[in-house]
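The next block holds one structure in the form of structure tokens; read it before the comments.
All figures in this text were calculated on a predicted structure; none of them were measured in a lab. Worth knowing before you read on, the calculation uses all heavy atoms, side chains too, and leaves out hydrogens, waters and symmetry mates. The sequence lines fix the lettering, A, B, ..., with proteins before strands; numbering per chain opens at 1.
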Amino acid sequence: MTRELRFFQALREATEIAMSRDPSVYIMGLGVPDPKGIFGSTLGLREKFGEARVLDMPTSENGMTGVAIGSALAGMRPILTHQRIDFALLSIEQIVNQAAKWHTMFGGLMKVPLVIRMIVGRGWGQGPQHSQSLQAWFAHVPGLKVVMPATPHDAKGLLLASIEDDNPVIFIEHRWLYGMSGPVPEGHYTVPLGIARVAREGRDLTIVSTSYMTLEALRAAERLAEEGIAAEVVDLRTLSPLDEGTVLESVRKTGRLLVTDTGWKTFGIGAEIIARAAEGCLASLRAAPVRVCLPDLPTPTSAALAARFYPRAIHIWKEARNLMGLAGAEGRPFEPPGVPLDVPDPSFVGPF
Amino acid sequence: MSDPAKLPILYELMLRIRRVEERIADLYSEQEMRCPVHLCIGQEATAAGACAALERTDHVYSTHRSHGHYLGKGGSVRAMMAEIYGKATGCSKGNGGSMHLVDLSVGYMGSTPIVGSSIPIGVGDAFGAVLRGEKRVTMVFFGEGATEEGVFHESVNFAVLRKLPVVFLCENNLYSVYSPMSVRQPAGREVYSVAQGHGIECHQGAGNDVAAVYDLARKAVRKAREGGGPTFLELKTYRWREHCGPNFDNDLGYRTVEEYEEWRKLCPLEAFEKRYLASGAVAADELRRIAERIEREVADAVAFAKSSPFPQEAQGVYAP
Ligand SMILES: Cc1ncc(C[n+]2csc(CCOP(=O)(O)OP(=O)(O)O)c2C)c(N)n1
Ligand SMILES: [Mg+2]
């Protein structure tokens, strides 16, 4: 049976199923058992699985990441949560030098089945230290898997696959997806890591997207379709390992490539995808590929500045038309006039 | 109280913090302040008492919950309000918001909301002052949650090693977001006793007694200025409102209404009035004049913030 669930409910359900099936799964993080339960995604787990497997922790991200790694070596399957990626930065040493290396540097004798959930903040003045989208950093490091679901269906299936994976997985969730609803099958299923999703088929251009930008890409594709342009939207879902095959197959078909990511442009996901296309199917490219990503600036806090900072459907739409060689129409806005751009949609209720 | 002449200023600082915070809470639902706010209503005495012990040229660093520290150090009310409203006239020109306040003209060096992260920066500022032969003292504010971060211990160790002129000011309000001390630190162990292990002079005090705070801070500041090295002060206090936002949140159930009511009885402003009006140490009409002035100031700051323009351009990334 499939029913509609919100993104955070899908995450909660995946965790509950994983913990029911495997007593070695436990979840730990600041506020995991508190009344807000990581924006709803851990609510009720404490009641069901008890204090030992659903736990709060000291404000000690670096040490606790090492503790999670050690417990994984000892046979547990920890899920560690951070309400913002920015807080996980305190634990970069443990993630990059330890979790990512332990299997290889000891000749494959040990493994680290660890999931680290990190949330990308956006809007309502999250500003420079509460809204970074650092997936490219993690994807750069061999030994880490990096996952970014865009739908409730994939949130559940990818989280289950991540928990069942025997490697450290950085599982990055966008705060603006939390309230989104979508069909989610009941019971256990996985969405395998390393396989992209063609979210919309088209023959004229390929839009490769990550996480929340998939939603903006689909809105842009809708408008393009009205104008007779068939955009194919490829939602990467997993950044590492990367599903190069699906991306290249699409680019070979369309000959045009636009990449849209929630992170900064420079040295980002867009750069990697375009490099793969250049290496793998240069002859198919009929125009120079484009990136629709964040400008290379810290996130400004003022809503007035943030509105100009974040690319949206209209920016993807414009760049897609340029790629198609169509003259630059101004285009009517995607959002009704006066709608605040620093909140996702009316279904969203804070806190951020 | 070691210095009765300071009483009116302590009252003024506390009341300014209280009234600014209450005004933010009142206006927040208009949805024009579009950034998170971590209010310090109930905790005014720690900010006021500690900052009153500093000279204008001394430096202060703080955290996500920093409105009180900024105002205590004498930061501009107008620039703070405008920053929270996201305006170009804000102290960080709209780039920072409530969690990133700054006012260099009074030595308020910056707030940053990554728990523990401003502690080493404050220590480094003191280190720099010593290297340059400058006589200032640095005060670093943080919550008890920050003492769980490794960087806290690394910073205290270095400050002790180099006898740096730092006052570590820990506001222990018993919670980190909705997590009580009991899930974060062993029962029965005092926060200051952990700092003591680093060989730093430590004191624990009543954070809602502004005079007591002032006296502790004054000794620590004087010692630091005279080359005696750093001090760690743990001040027990309590946040009245929700962790982040303008509301009360006792309905969530992470703390009891009884506990909250106990702390409400320890209101730092009421305690001050009771004690010093009754003893005649301060005059009622002097306090009234202060209160009237603050009302005007707060109204002016809100009007200034609301009528200021939004910034047109984000701050560039590199210093020119
Ligand atoms: C490194 C880091 N981890 C987690 C957070 C989320 N966070 C924001 S405020 C806060 C509470 C910190 O508690 P405390 O230091 O006692 O300060 P209080 O809020 O009580 O004033 C937490 C955990 C953060 N901002 N930074
Ligand atoms: Mg606290």
**Asked** Based on non-hydrogen pairs under 4.5 Å, which of B:M181, B:Q31, B:Q185 is most in contact with chain A?
**Response** B:Q31
**Item:** Heavy atoms of other groups near B:H153 NE2, more than 12 under 6.0 Å
**Value:** yes
Are the side chains of [X] and [Y] in touch, meaning some heavy atoms are under 4.5 Å apart?
X	Y	answer
B:E149	A:E61	yes
B:R34	A:P340	yes
B:P113	A:H130	yes
A:P128	B:H100	yes
B:M33	A:W124	no
B:P36	A:Q126	yes
B:I114	A:F87	yes

**Item:** Which atom of B:V317 lies closest to which atom of A:D296, heavy atoms considered
**Value:** CG1-O, 3.9 Å
Under a 4.5 Å heavy-atom cut-off, does chain B meet the side chain of [X], its backbone, both or neither?
X	value
A:L305	side chain
A:E51	neither
A:R84	neither
A:L30	neither

**Request:** Mind checking the NE2-CD spacing from B:H64 to A:Q129? Nearest 0.5 Å is all I need.
**Result:** 12.5 Å
**Request:** Could you please spell out the steps behind the side chain to side chain donor-acceptor pair (under 3.5 Å) verdict for A:T301 and B:N95?
**Result:** CA-CA 5 Å; A:T301 300; B:N95 291 276; over 6 Å; no
